[in-house]
Amino acid sequence: MELTRVIVILAQCLWPLWTQVIHLTDMYGTVKSPNFPESYQKEIDLQWNITVPDGYQIRLYFMHFDIEPSYLCEYDYLKVYSDSEELAVFCGKENTDTEQVPADDVIMSPRNVLSVAFRSDFSNEERYSGFEAHFSAVDVDECRDRNDEDLACDHFCHNYISGFYCSCRYGFLLHSDNRTCKVECNESVYTERSGEITSADFPKPYPKSSDCMYRIELEEGFQITLEFDDTFDIEDHPEVTCPYDFIKINAGDKEFGPFCGEQSPGKIQTGSNTVNILFHSDNSGENLGWKLTYTSTGSECSPLAAPLNGHLEPLQSNYVFKDHIIMTCDPGYSLRQGDEEFEHYQIECQRDGKWSSDVPLCKKKESQRRHRSLPSILTNQILS
């Protein structure tokens, strides 16, 4: 037995050092052992290299198979591989513990190339009829079979013969990589005194490959406060600070961030009436994003006291920028500011923390003064 193995090894070393290669580029065809259906010769070293266009796989199946059996197919064998990846090794006529035949199996190449190598050694003690196999190009359904995150479509995948293309949901744009869906979000300006801002699609994963600028712009005299929701999920790195996705905040001459990870930044007192929020995402990740609410407070004006015989509305413990007060007087009185007379008067808290005007006084109306003095005038006339 040992002598036989030595002879086999020596014989294999003495085989021709070259392999006959047949290139096949048709969309379908047949591969047969030499002289099929008659028995094949000894010392064959033959290889079929099958290539089809990109976007296709190769389907290979056997109609007949009869090759000399040997332990682990060390004598004659047929090997199927794609590039350097071995897919199968066959020999014999029936499956055994050490030999495998293709039977009804269908072999699918992982890519658009497939090689079939057939080798016979220096001797055939019996007649073996060889094999007959058929191949055909099969369209790859990239939308169904593509599991690689780097190659899959973000939103919608559309398959066609030999290829596929991606598209995006309404409101999104296809990135230059033709698979990532990004958002155009640099025109978001908020001018209300309070509001809510979130990453796109929150609480679903935010878009990749996007740079979003959100600007809060209020009048001078207001100061903006940001408060992030507890649900905060931005891609991070255990060793480097926010190298992938992040939020940065600029408020006047102050900068906050970058922020990322799962720890919410919480409440941020910006001290400014304008705030720029930049959110950057790279081309990977499935994180949920963020949400914040913003509020504003104005410059505070000093409290006021109502004039004598007068009233203030509304009456509050403190007043801030944009608050206004309406002043009125008791019946028989009118508001006087210099030479002018008013039934009611309004002043406003300004951005610098000062009131727009001094508080006028409540004085008796001129008609009331004349009416009260009339009896004394009549009395003086009678006495005279």
Side-chain angles (χ1 to χ4, degrees), residues 1-140:
M1 184 66 181
E2 291 299 324
L3 179 60
T4 301
R5 289 186 177 277
V6 171
I7 294 173
V8 168
I9 293 172
L10 290 174
Q12 290 174 338
C13 293
L14 295 174
W15 278 5
L17 297 178
W18 57 273
T19 299
Q20 182 183 355
V21 178
I22 300 173
H23 296 280
L24 303 175
T25 57
D26 292 332
M27 298 294 281
Y28 62 91
T30 304
V31 177
K32 301 178 182 179
S33 55
N35 209 36
F36 183 84
E38 302 298 326
S39 59
Y40 59 83
Q41 303 93 341
K42 60 183 179 180
E43 296 184 342
I44 295 173
D45 194 351
L46 184 59
Q47 180 169 307
W48 293 265
N49 287 343
I50 307 169
T51 305
V52 295
D54 289 337
Y56 290 92
Q57 292 173 281
I58 300 169
R59 181 174 180 260
L60 179 72
Y61 56 95
F62 290 80
M63 305 301 293
H64 179 82
F65 194 87
D66 180 24
I67 293 179
E68 180 186 13
S70 61
Y71 177 77
L72 297 178
C73 300
E74 60 187 351
Y75 297 160
D76 300 354
Y77 63 84
L78 183 142
K79 181 185 294 186
V80 183
Y81 58 95
S82 180
D83 292 329
S84 59
E85 180 183 354
E86 184 179 289
L87 303 180
V89 179
F90 301 121
C91 68
K93 190 172 184 177
E94 296 180 357
N95 282 325
T96 70
D97 291 342
T98 63
E99 301 160 14
Q100 181 184 2
V101 298
D104 295 329
D105 292 344
V106 174
I107 299 173
M108 293 291 293
S109 66
R111 292 166 290 279
N112 65 321
V113 294
L114 188 72
S115 295
V116 179
F118 175 52
R119 289 178 175 81
S120 62
D121 64 4
F122 67 97
S123 67
N124 283 336
E125 298 178 358
E126 300 179 23
R127 288 169 50 87
Y128 300 99
S129 55
F131 67 91
E132 178 188 19
H134 295 265
F135 72 89
S136 60
V138 179
D139 176 52
V140 177

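Numbers here simply count residues along the sequence, with the first being 1. Everything numeric in this text was worked out from a predicted model, so none of it was measured.
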Quick one: list whatever passes ring pair (Phe, Tyr, Trp, His ring centres under 6.0 Å) with [X], sequence neighbours left out.
X	result
Tyr40	Phe118
Tyr56	none
Phe36	His64

Sequence neighbours left out, what passes side chain to side chain contact (heavy atoms under 4.5 Å, CB included) with [X]? Give chain and number order.
X	answer
Val89	Cys73, Tyr77, Lys79, Glu86
Ser123	Asp121
Arg59	Tyr61, Val106, Met108, Ser136, Val138
Glu85	Leu87, Pro110, Arg111

- Item | Side chain to side chain, Phe90 and Phe131, heavy atoms closer than 4.5 Å | no
- Task: Please collect all side-chain hydrogen bond (donor to acceptor under 3.5 Å, both in side chains) contacts where either partner lies in residues 92-103, sequence neighbours excluded, each pair once.
- Result: none
- Within the distance-only criterion (no hydrogens, no angle test), does the side chain of Asp66 pair as donor or acceptor with the backbone N or O of Tyr128 below 3.5 angstrom? no
- Item | Donor-acceptor contact present, side-chain Ser120 to main-chain Gln41, <3.5 Å | yes
Where do [X] and [Y] come nearest, in terms of heavy atoms and distance?
X	Y	result
Ser129	Pro37	CB-O, 3.8 Å
Tyr81	Asp83	CD1-O, 3.0 Å
Leu60	Ala133	CD1-CB, 3.9 Å

- Item | Sequence neighbours excluded - salt bridge (Lys or Arg N to Asp or Glu O under 4.0 Å) pairs with any residue from residues 25-42 | Glu38-Arg127
- Message: The criterion is side chain to side chain donor-acceptor pair (under 3.5 Å); which residues satisfy it with Asn49, sequence neighbours excluded?
- Response: Gln47, Ser115
- Provide the full list of disulfide bond (SG atoms under 2.5 Å apart) pairs with a residue in residues 101-130, sequence neighbours left out, each pair given once. none
